[in-house]
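Below is one structure, written out as structure tokens; comments come after it.
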Amino acid sequence: MQTESRRMYSYAEVQPIVYKKYFMKIIKDEQRQINLYPLVIYFVLSSKDSKERAEALNKLNKYQGFTRGIFKFQTIEHVGKYSEEVSSELTDAIKRYNMFVRLVDDNSDAFYYAVHNVNFNLSADEVEYSIQKFIVEVCKQNIKQLASRDTEYSLHGVSPEKQTAVRQMQQSFREAMTLRGYKHGLWARLLGEEVLETRPIASITKDGNAREMPKGFTEKFEKAAKNNNPQYLWSWLESMTGAPGKEESDEIAKGYYNKKYAPSLKRDQRRRTQPKEKPAISVELKLIVKTMLKSGREKKEFGFVFTVNDEVFPVCFGSKDQTMLYACTLLRQKMGEKMYLHEFFNNSKGCSSKAKFKRGKSEKWLKAVYEAIFPNDAREFSDWIGKVRETRGRPLNQGKSQSSKRIEEILDSQSSAIYFCSVSTREDEIGDSFYDIKIHPEKIVIPENMQFLIDEFNDLMGI
């Protein structure tokens, strides 16, 4: 007979952590069902909760005392009907809590979630303490999860770059825990209540002292990493965990708590889960008739024609970002090369890549792709790539999500192809992130006037 301490969900629930009125539970999900971004903390509100409370929670994003410089907050309305795409066991483990975040992955092939129930009927001080304590404990648990990954990397001789990245992520969470100068009372002010006193929240952060890093450690990182730039942490976590961007993560969370919006969650699961049988898939990059003008003239643009089990699915994406991302990734897959994120924008990687993929080497090739796909467009390549770099790749992050969503919609009748045709983000052997499509190179057809992008690849890359 199992003892109480060993009685677990099928998801191997970890023993809850209790601090006074504070309570956090950690849940392990071996089926990897809810793919959220690990730095987004969700507040789950019922339809009865006040509009003022939801607005106050969303305003927390403006205050570093809560975001710790790395987190984002999002409110989700729960209408009492959970998505049927998630098992009842996992829902039973989560449903009593109104704070929810996915933790960073450890060295197991599973998702972990941290959940907590904050009682908004308590005093403003107690509510603030409860939220803050949860945030700090999430940081602590993420450090533990990353430590297990670091240990595995060391034991198996994984590249120094990956080990360094994991240690830098641990340091980022330590620094988030040791926030200085914060005074409590913000929650009361957001609700318009009188604040009687302010005092440091030392009781929450007193045990979060940062560990001294090995000599020479920070020299391995560029300025963004040395300054603990949040974008650096977000970029690494996305590639390491396979997490979606924030917008898509919000849609998935919304779909879990309201089955009316469940398609977002279902599509994500299809995209990540390899089907037992692979369908026959090919894709052709070609000019497609997008619209027929009143004059009878056809308006064409480059798009992609997927053939799955003899069923044909043409698609033109809705933006240059989507089209460029998919076309470049497809071209690299055709020639057996990787399409690295750092070739589009600075994501604090690329310094240790092979010579031909060093940052700054791809400009001429990317420009040639752009001009081949948009030969008569008024917007120049320099304007497009400038916007991508200025926003640290945000247009491509959105383009990846939007193109995957479009592919999932058009391939609904051949859903087993979604896993192979959607763009995913993966890591190479040194931890550098690249875009990937799982279609066999021989099944990718490129128009004759674009063949030079493959044949002259080395020259265009300056090799």
request  = Output, in order, the C-alpha distance, side-chain angles, deciding distance and verdict of side chain to side chain contact (heavy atoms under 4.5 Å, CB included) for Cys421 and Phe306.
outcome  = CA-CA 9 Å; Cys421 298; Phe306 298 91; 3.9 Å; yes

Evaluation steps, side chain to side chain contact (heavy atoms under 4.5 Å, CB included), between Leu285 and Met450 = CA-CA 9 Å; Leu285 172 60; Met450 288 191 189; 3.6 Å; yes

task = Would you please test Asn35 and Arg102 for side chain to side chain donor-acceptor pair (under 3.5 Å) and show each step?
result = CA-CA 8 Å; Asn35 187 24; Arg102 176 184 166 190; 2.6 Å; yes

task = List the steps, then state whether side chain to side chain donor-acceptor pair (under 3.5 Å) holds for Tyr42 with Asn98.
result = CA-CA 8 Å; Tyr42 291 96; Asn98 59 9; over 6 Å; no

task = Please test Val104 against Arg149 for side chain to side chain contact (heavy atoms under 4.5 Å, CB included), starting from the C-alpha separation and ending with a verdict.
result = CA-CA 10 Å; Val104 174; Arg149 185 178 284 263; 5.7 Å; no

task = Apply the test side chain to side chain donor-acceptor pair (under 3.5 Å) to residues Ser362 and Tyr340: give CA-CA distance (whole Å), side-chain angles for both, the deciding distance (0.1 Å), then the verdict.
result = CA-CA 10 Å; Ser362 315; Tyr340 287 98; over 6 Å; no

inquiry  = Cys316 vs Phe302, test: side chain to side chain contact (heavy atoms under 4.5 Å, CB included). Steps then yes/no.
reply    = CA-CA 7 Å; Cys316 287; Phe302 274 101; over 6 Å; no

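Remark: Lys286 NZ is loosely packed, at most 12 non-hydrogen atoms of other residues, nucleotides or ligands lying under 6.0 Å away. The local environment of NZ in Lys438 is crowded, with over 12 non-hydrogen atoms from other residues, nucleotides or ligands closer than 6.0 Å. Within 6.0 Å of CD on Glu247 lie more than 12 heavy atoms contributed by other residues, nucleotides or ligands. Other residues, nucleotides and ligands contribute at most 12 non-hydrogen atoms within 6.0 Å of the CG atom of Asp310.
Remark: of the listed residues Lys254, Arg271, Lys405, Arg271 is the sole one forming a salt bridge (Lys or Arg N to Asp or Glu O under 4.0 Å) with Glu248.
Checked by atom type and distance alone, the side chain of Lys334 pairs as donor or acceptor with a backbone atom of Pro441 at under 3.5 Å. Checking side-chain atoms of Asn309 against main-chain N and O of Ala280 turns up a donor-acceptor pair under 3.5 Å. Not a single donor-acceptor pair under 3.5 Å links the side chain of His156 to the backbone N or O of Val158. In this structure, Ser87 contributes its side chain and Leu90 its backbone to a donor-acceptor pair below 3.5 Å. No side-chain donor-acceptor contact under 3.5 Å links Thr273 to the backbone of Arg270. Using a distance-only test at 3.5 Å, with no hydrogens or angles considered, a donor-acceptor pair links the side chain of Thr391 to the main chain of Lys387. Of the possible donor and acceptor atoms, one in the side chain of Ser319 sits under 3.5 Å from a partner among the backbone N and O of Gln322. Judged by distance alone, with hydrogens and angles left aside, the side-chain atoms of Ser415 form no donor-acceptor pair with the main-chain N or O of Leu411 at under 3.5 Å. Remark: side-chain polar atoms of Glu30 are not paired, donor with acceptor, to backbone N or O of Ala110 under 3.5 angstrom. For the pair Asn61 (side chain) and Asn58 (backbone), a donor-acceptor distance under 3.5 Å is present.
In this structure, the side chains of Tyr256 and Val86 come closer than 4.5 Å at one or more pairs of heavy atoms. Put simply, the side chain of Ile34 reaches to within 4.5 Å of the side chain of Ile94, judged on heavy atoms. Looking only at side-chain heavy atoms (C-beta outward), Met99 and Val115 stay at 4.5 Å or farther from each other. The shortest side-chain heavy-atom distance between Gln398 and Asp321 does not fall under the 4.5 Å cut-off. Side-chain contact check for Leu331 versus Trp365: some heavy-atom pair is nearer than 4.5 Å. Thr425 places none of its side-chain heavy atoms less than 4.5 Å from the side chain of Asp436. In this structure the side chain of Cys328 reaches within 4.5 angstrom of the side chain of Leu366, judged on heavy atoms. Within the 4.5 Å cutoff, side-chain heavy atoms of Phe374 are placed close to those of Thr323.
Taking 4.0 Å as the cut-off between side-chain N and carboxylate O, Arg167 and Asp150 count as a salt-bridged pair. Ionic pairing of Lys25 and Glu137 is not present here: no N-O contact between side-chain nitrogen and carboxylate oxygen is shorter than 4.0 angstrom. For Lys361 and Glu343, the salt-bridge test fails: no basic side-chain N is under 4.0 Å from an acidic carboxylate O. One finds a salt bridge joining Asp377 and Lys320 here, because a Lys/Arg side-chain nitrogen approaches an Asp/Glu carboxylate oxygen to under 4.0 Å. Using a cutoff of 4.0 Å between basic side-chain nitrogens and carboxylate oxygens, Asp109 and Arg32 are scored as salt-bridged. With salt bridges taken as basic N to acidic carboxylate O contacts below 4.0 Å, none links Arg267 and Glu85.
Met339 approaches Arg332 most closely through the heavy-atom pair CA-NH1, 3.7 Å. The two residues Ile252 and Leu265 make their nearest non-hydrogen contact at O-CD1, 3.8 Å. Closest non-hydrogen pair, Ser416 versus Pro279, comes out as OG-CG, 3.5 Å. When all heavy atoms of Pro38 and Val101 are compared, the pair lying nearest together is O-CG2, 3.6 Å. Across all their heavy atoms, Gln132 and Gly65 have their closest contact at NE2-O, 2.8 Å. What you find for Gln74 and Val40 is that their closest heavy atoms are CB-CG1, 4.2 Å.
Figure legend: Lys28 and Tyr112 shown without cation-pi pairing, the cationic atom not lying both under 6.0 angstrom from the six-membered ring centre and within 45 degrees of its axis. Annotation: cation-pi geometry satisfied between Lys278 and Phe420 (NZ/CZ under 6.0 angstrom from ring centroid, within 45° of ring axis).
Within the model, atoms CD1 of Ile446 and CG of Asp455 stand 11.0 Å from one another, a figure rounded to the nearest 0.5 Å. Distance OG/Ser433 to NE2/His342: 10.0 Å, rounded to 0.5 Å. In this structure, CD in Glu408 is found 7.5 Å from CG in Asp268, a value given to the nearest 0.5 Å.
Between Phe73 and Phe66, the angle of the ring planes goes over 60°, which puts this pair in the perpendicular group of the 30/60° scheme. Aromatic ring pairs are classed by plane angle as parallel below 30°, tilted from 30° to 60° and perpendicular above 60°; the pair Phe134 and His116 is parallel. Between Tyr113 and Phe100, the ring planes are tilted. Angles from 30° to 60° get that label. Using a 30° and 60° split on the angle between ring planes, Tyr82 and Tyr257 fall in the tilted class, from 30° to 60°. Ring pair Trp384/Phe344 is perpendicular by interplanar angle, where above 60° counts as perpendicular and below 30° as parallel.
Here the two rings, on Phe304 and Phe317, have centers that are under 6.0 Å apart. Between Tyr370 and Phe381, the ring centre distance stays below 6.0 Å.
Gln33 and Arg272 are not linked by any side-chain donor-acceptor pair at a separation below 3.5 angstrom, with hydrogens and angles left out of the test. Between the side chains of Asn107 and Tyr153, no donor-acceptor pair is found at a separation under 3.5 Å. Side-chain contact check for Ser413 and Glu311: at least one donor-acceptor pair (N or O, by modelled atom type) lies under 3.5 Å.
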